[in-house]
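Structure incoming, see below.
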Amino acid sequence: MPHLPSILATCEHNYVCMLKLLPDCDTQELSYEFDVSNSMKYRIQIIDSSRYTSTVEMAQINTNSPLFMQPQMTIRLYHDAKVAEVLSTHSTSRLKP
């Protein structure tokens, strides 16, 4: 059975972490890129923003891997509740080695 206080604490922690990465999260259509190495970076892009919520897409960009091997997720930030919720993910967890 899920432990709701733990889930809520994780969502609150994730919200704080996202605000550190996106200081201007109330701006629509903003994009940041962070280099991890020469061939890999992460892009965080605001795809929708309103008074109480922002929807963000976080994706890995790796020039050495095919597109289906690059994880990405869509996250909604609820500014009034100060929580972040993962709406969807595209990852490689379902691929067999």
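Note that the numbering runs from 1 along the sequence shown for the chain. Keep in mind the model is a prediction, meaning the values are calculated, not measured.
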**Asked** Does a side chain donor of either H79 or T53 reach within less than 3.5 Å of an acceptor in the other side chain?
**Response** no
**Asked** Residues sharing I7's hydrophobic cluster, by side-chain heavy-atom contacts under 4.5 Å among ILVMFWY, directly or via others?
**Response** none
**Message:** Using every non-hydrogen atom in the two residues, find where I44 and F34 come nearest and quote the distance to one decimal.
**Reply:**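 Shortest heavy-atom contact: CD1-CE1, 3.5 Å.
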**Request:** Ignoring hydrogens and angles, tell me if any N or O in the side chain of Q70 forms a donor-acceptor pair with the backbone of N62 under 3.5 Å.
**Result:** yes
**Item:** Neighbour count >12 (heavy atoms, 6.0 Å) for atom CG, N38
**Value:** no
**Prompt:** When you check the gap from the basic side-chain N to the acidic O, do K41 and E33 get nearer than 4.0 Å?
**Reply:**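 The answer is yes: the pair qualifies as a salt bridge.
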**Prompt:** When Ile, Leu, Val, Met, Phe, Trp and Tyr are grouped by side-chain heavy atoms lying under 4.5 Å apart, directly or through other members, which residues fall in the same group as M40?
**Reply:** V36, Y42
**Item:** Distance-minimising heavy-atom pair for Y15 and V83
**Value:**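 Nearest pair, atom of Y15 first, then V83: CD1-O, 3.4 Å.
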**Fill in**
Value for CG (D48) from CD (E57), rounded to nearest 0.5 Å, stands at 12.5 Å
**Prompt:** Taking a hydrophobic cluster as the set of Ile, Leu, Val, Met, Phe, Trp and Tyr residues connected by side-chain heavy atoms closer than 4.5 Å, whether directly or through intermediates, do L8 and V86 fall within one such cluster?
**Reply:** no
**Request:** State, with a plain yes or no, whether a side-chain heavy atom of R43 is found less than 4.5 Å away from one of S31.
**Result:**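 Yes, side chains in contact.
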**CD on Q72 to CE on M58, rounded to 0.5 Å** =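 So the CE of M58 and the CD of Q72 are separated by 11.5 Å.
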**Prompt:** side chain to side chain contact (heavy atoms under 4.5 Å, CB included) between I75 and T55: does it pass, once the steps are laid out?
**Reply:** CA-CA 6 Å; I75 305 159; T55 305; over 6 Å; no
**Request:** Return yes if a side-chain donor-acceptor contact under 3.5 Å exists between T63 and S39, otherwise no.
**Result:**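 Result is no, nothing qualifies.
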**Asked** Should M73 and L87 count as side-chain neighbours, where that means a heavy-atom distance under 4.5 Å?
**Response**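 Of all side-chain heavy-atom pairs linking L87 with M73, none is under 4.5 Å.
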**Message:** On a heavy-atom basis, which atom in M69 and which in S65 lie closest, and how many Å separate them?
**Reply:** CB-CB, 4.2 Å
**Prompt:** Should V16 and L21 be counted in the same cluster of Ile, Leu, Val, Met, Phe, Trp and Tyr side chains packed under 4.5 Å apart?
**Reply:** no
**Prompt:** Between V56 and I47, is any pair of side-chain heavy atoms under 4.5 Å apart?
**Reply:**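 Not touching, per the 4.5 Å side-chain cut-off.
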**Item:** Interatomic spacing from OH in Y78 to OG in S54 - rounded to 0.5 Å
**Value:**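 Going from the OH atom of Y78 to the OG atom of S54 covers 11.0 Å.
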**Message:** Holding to salt bridge (charged side-chain N to carboxylate O under 4.0 Å, His left out), I want the full list of residues that pass it with K82, two or more places apart in sequence or in another chain.
**Reply:** none
**Request:** With rounding to the nearest 0.5 Å, note down the distance linking SG in C17 to CG in L22.
**Result:**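 The CG atom of L22 is 11.5 Å from SG of C17, to the nearest 0.5 Å.
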